Amino acid sequence: MIIYIPTPLRPYAGGKDAVEVDALTIAQALEALTAAHPDLRKHLFTTEGKLRAFVNLYLNDEDVRYLPAKEATAVSASDTLSIIPSIAGGD
Amino acid sequence: MGILHLTRAVYDEIRAHGEQTYPHECCGALLGKSTEEGWSVTAAVPAGNTRTDSAHNRYQIAPFELVKIERDARRQGLGFAGFYHSHPDHPAQWSQTDFAEAHWLGCSYVITEVAQGKAAVTNAFLLAGATEEDKRFEQETILVEDLPIGADPN
């Protein structure tokens, strides 16, 4: 599957905007991504190994948080995973 | 101080967006290309503010809207240079909320003060730093240009 890398994380993914990985689940895909690009790990995960709260994951058009199996959801080679940090603020 | 290059059209659009949504905050994405002279922003994409509970002083862009904007940007060969929002009747300076919620390292956060419905000061702040733990905002100079960097004037 293809994982799309957002602008701020590209320097830690060899400058790539997309990385192709072999995986059976979303969790495996993230593991493969961070194994290939270890510097990404601290940007995506807390020191406890949990996905950072501001990191949104979309499997195709679906928010992974709302999938029944969440990161254990099965994926196929034709799926895409988008990593999108949140955007918010205010005065 | 770093420089953020905006085309005249982008600069005018983001300020007009702030006036349109006043007294609520507007928000959107800035798309462009990374150049040796910094980001050259060639398109502003307005987004909806999902903070309808407190739209006068908070903004949030739905993540899936960001996904769709990114897909369109990718097709155009553009990337996220940053984001913009307005501060209705509040200075164009980043707030603690802006800082706490800023996670796009290396991107620019552009803020326009909209005073009594009219766009006033527009400032840009680069989210600098290598990690979430050492991030900081650094003010940038906004250069407004008629044409994007490298464009053929003819």
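Proteins get letters first, then strands, A, B, ... in listed order; numbering begins at 1 in each. What you are looking at is a predicted structure, and each value in this text was computed from that prediction instead of being measured.
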Novice: Given that the side chain runs from C-beta out, which part of A:Asn60 has a heavy atom under 4.5 Å from chain B: side chain, backbone, both or neither?
Specialist: backbone
Novice: Which atoms of B:Arg74 are under 4.5 Å from chain A, going by heavy atoms: the side chain, the backbone, both sets, or neither?
Specialist: side chain
Novice: Answer yes or no: are there more than 12 heavy-atom neighbours, outside A:Lys42 itself, under 6.0 Å from its atom NZ?
Specialist: yes
Novice: Donor-acceptor pair, distance only, cut-off 3.5 Å: does the side chain of B:Glu25 make one with the backbone of A:Asp91?
Specialist: yes
Novice: May I ask whether A:Leu9 and A:Tyr4 are part of the same hydrophobic cluster, defined by side-chain heavy atoms of I, L, V, M, F, W, Y residues being less than 4.5 angstrom apart, directly or through others?
Specialist: no
Novice: Are A:Met1 and A:Leu67 joined in one hydrophobic group, where the rule is that I, L, V, M, F, W and Y side chains link up if heavy atoms are under 4.5 Å apart?
Specialist: yes
Novice: With a strict 4.5 Å heavy-atom criterion, list every residue of residues 102-114 of chain B that contacts chain A, or say none.
Specialist: B:His103, B:Trp104, B:Leu105, B:Cys107, B:Tyr109
Novice: Measure distances from A:Asp63 to the heavy atoms of chain B and classify the residue's part below 4.5 Å as side chain, backbone, both or neither.
Specialist: neither
Novice: Which residues in residues 6-19 of chain B have a heavy atom less than 4.5 Å from any heavy atom of chain A?
Specialist: none
Novice: Quick one: of A:Ser86, A:Ala18, A:Pro6, A:Pro11, who has the most non-hydrogen atom pairs under 4.5 Å with chain B?
Specialist: A:Ser86
Novice: To the closest 0.5 Å, what do you measure between CD1 (A:Ile87) and CD1 (B:Ile69)?
Specialist: 9.5 Å
Novice: Applying side chain to side chain donor-acceptor pair (under 3.5 Å) as the test, list every pair that has at least one member in residues 34-48 of chain B; sequence neighbours left out.
Specialist: none
Novice: How long is the gap from OG1 on B:Thr131 to CG on A:Asp39, to the nearest 0.5 Å?
Specialist: 12.0 Å
Novice: Counting only heavy atoms not in B:Lys118, do more than 12 fall under 6.0 Å of its NZ?
Specialist: no
Novice: Which one, B:Gly79, B:Ala130, B:Ser86, leads in non-hydrogen pairs under 4.5 Å with chain A?
Specialist: B:Ala130
Novice: Main chain of A:Gly90, side chain of B:Arg51: is a donor-acceptor contact present, judged purely on distance under 3.5 Å?
Specialist: no
Novice: Given heavy-atom pairs under 4.5 angstrom as the criterion, report whether the side chain, backbone, both or neither of B:Ala29 touches chain A.
Specialist: neither
Novice: Indicate yes or no: at least one non-hydrogen side-chain atom of A:Arg52 is less than 4.5 angstrom from one of B:Glu132.
Specialist: yes
Novice: Under 4.5 Å between side-chain heavy atoms, hopping through other hydrophobics if needed: is there a path connecting B:Ile142 to B:Phe125?
Specialist: no
Novice: Are there residues of residues 89-99 of chain B whose heavy atoms fall under 4.5 Å of chain A's heavy atoms? If so, which?
Specialist: B:His90, B:Ser95, B:Thr97, B:Asp98
Novice: Which atoms of B:Phe80 come close to chain A, meaning under 4.5 Å heavy atom to heavy atom: side chain ones, backbone ones, both, or neither?
Specialist: both
Novice: Could you see if A:Leu51 belongs to whatever hydrophobic cluster contains A:Leu40? Use Ile, Leu, Val, Met, Phe, Trp, Tyr and a side-chain cutoff under 4.5 Å.
Specialist: yes
Novice: Quick check on the hydrophobic clustering: are A:Ile5 and A:Phe54 connected, directly or via other members, by side-chain heavy-atom contacts under 4.5 Å?
Specialist: yes
Novice: With rounding to the nearest 0.5 angstrom, report the CG to NZ distance, A:Asp61 to B:Lys68.
Specialist: 8.0 Å
Novice: Backbone N or O of B:Val67 within a donor-acceptor pair of the A:Ser82 side chain at under 3.5 Å?
Specialist: no
Novice: Mind checking the CZ-OH spacing from B:Arg71 to A:Tyr58? Nearest 0.5 Å is all I need.
Specialist: 10.0 Å
Novice: Tell me if the CG atom of B:Asp146 is crowded by more than 12 foreign heavy atoms within 6.0 Å.
Specialist: no
